[in-house]
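Reading through the structure tokens given below for one structure.
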Amino acid sequence: MPCDPWPDSAEFRRSRRLRIALIFSASAYFSFFLYDALIALLAEGFGFDATAFGLSISASGLGGLLGALLAGRIAGNHPMRSMALAAVTSGLATGIIAITAMLSLAIQLPAFLLALGFMGGATAFMLVPYRTIVQAEAPPDRIARVFASGEAVIVTTMLSAPLIGSAIATRWGTPSAFLPAVSC
């Protein structure tokens with residue numbers, strides 16, 4: 001009897017919905033971490049100081065917290081739809097920020113903070129429903145293993161993203177690292 005080196009991947013092969021949710025979630029995490037480490041450089045490019053950078057991280061975190069609270073209540077009935085709509089929303093906000101920076105247009109700090117808060121909130125709407133789908137699709141006796149397998153895939157993509165984002169920023173400029181996130 002052949003031994004499956006990753007036995008819990010069977011649940012992802014069995015459930016198309018679970019597989020799509022994992023691919024989406026891994027892509028979303030990759031997207032976020034592609035530019036996450038570069039927010040300080042982007043803020044500096046807009047002429048903001050260290051205090052503004054701290055505020056921008058706080059705005060993104062607050063948006064994520066509020067988004068998670070809302071996503072837990074709203075996204076449960078239609079998790080895939082919530083994930084898709086949040087991806088479009090986040091992609092648009094990220095694209096607008098990137099293009100604004102690429103064109104060297106000025107942006108006021110409150111608008112920058114609002115955009116980052118919005119991006120943080122949309123992020124939660126992409127990530128919280130994944131957990132809902134795992135809970136709904138995985139057999140109760142395998143749910144922990146399925147979560148662990150899925151998280152292994154997600155962490156692998158997360159670890160590669162900052163390196164790739166840094167390479168993009170080095171080659172084409174910091175705002176360019178935000179553009180691939182628009183397509184994820």
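Numbering starts at 1 and runs along the sequence shown.
- Atom CZ of Arg17 has more than 12 neighbouring heavy atoms from other residues, nucleotides or ligands inside a 6.0 Å radius.
- Residue Leu34 comes nearest to Ala177 through the heavy atom pair CD2-O, 3.6 Å, listed as atom of the first residue, atom of the second, then distance.
- Ser31 places no side-chain N or O within 3.5 Å of a backbone atom of Ser27 that could act as its donor or acceptor partner.
- To the nearest 0.5 Å, atoms CG (Leu62) and CG (Leu55) are separated by 11.5 Å.
- Leu38 and Ile96 fall into different hydrophobic clusters, where Ile, Leu, Val, Met, Phe, Trp and Tyr are joined by side-chain heavy atoms under 4.5 Å apart, directly or via other members.
- Classified by interplanar angle (parallel below 30°, tilted 30° to 60°, perpendicular above 60°), the ring pair Phe32/Tyr29 is perpendicular.
- The line from CD1 of Ile74 to NE2 of His78 is 12.0 Å long, rounded to the nearest 0.5 Å.
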> Going through the checks in order, is the side-chain contact (heavy atoms from CB on, under 4.5 Å) test met by Thr94 and Leu179?
Replying inline: CA-CA 7 Å; Thr94 305; Leu179 287 179; over 6 Å; no
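- Residues Leu70 and Met119 do not share a hydrophobic cluster, defined by chaining ILVMFWY side chains whose heavy atoms lie under 4.5 Å apart.
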> Under the side-chain contact (heavy atoms from CB on, under 4.5 Å) criterion, do Ser176 and Met102 qualify, and how do the steps go?
Replying inline: CA-CA 8 Å; Ser176 298; Met102 292 176 91; 3.7 Å; yes
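- When hydrophobic clusters are built by joining Ile, Leu, Val, Met, Phe, Trp and Tyr residues whose side-chain heavy atoms come closer than 4.5 Å, directly or via intermediates, Phe46 is grouped together with Phe178.
- Ile107 places a side-chain heavy atom less than 4.5 Å from the side chain of Ile97.
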>> Could you go through Leu127 and Met83, starting from their C-alpha distance and side-chain angles, then the distance that decides it, and tell me whether this counts as side-chain contact (heavy atoms from CB on, under 4.5 Å)?
In response: CA-CA 7 Å; Leu127 303 179; Met83 293 167 76; over 6 Å; no
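- With respect to the salt-bridge test (charged N to carboxylate O, under 4.0 angstrom), the residues Glu137 and Arg142 do not qualify.
- Nearest heavy-atom pair across Phe24 and Ala87 is CZ-CB, 3.7 Å.
- Residues Ala124 and Gly64 share a closest heavy-atom pair of CB-O, 3.5 Å.
- Note on Ile57 and Phe48: same hydrophobic cluster, where clusters join Ile, Leu, Val, Met, Phe, Trp and Tyr whose side-chain heavy atoms are under 4.5 Å apart, directly or indirectly.
- In this structure, OG on Ser15 lies 10.5 Å from CG on Leu22, to the nearest 0.5 angstrom.
- Interatomic distance, Leu41 CG to Tyr35 OH, rounded to the nearest 0.5 Å: 15.0 Å.
- For residues 115-153, no pair satisfies ring-ring contact (aromatic ring centres under 6.0 Å, His included), with sequence neighbours left out.
- For the side chain to side chain contact (heavy atoms under 4.5 Å, CB included) test, residues two or more places apart in sequence or in another chain that qualify with Ala59 are Leu113.
- Here the side chain of Ser90 pairs no donor or acceptor atom with the backbone of Ala86 at under 3.5 angstrom.
- Met126 CE to Ser82 OG: the interatomic distance, rounded to the nearest 0.5 Å, is 11.5 Å.
- The distance from atom CD1 of Ile23 to atom CD1 of Ile154, rounded to the nearest 0.5 Å, is 11.5 Å.
- One hydrophobic cluster holds both Val146 and Ile143 under the rule that ILVMFWY side chains link at heavy-atom gaps under 4.5 Å.
- Every residue was checked against the side-chain hydrogen bond (donor to acceptor under 3.5 Å, both in side chains) condition with Thr157, not counting sequence neighbours, and none meets it.
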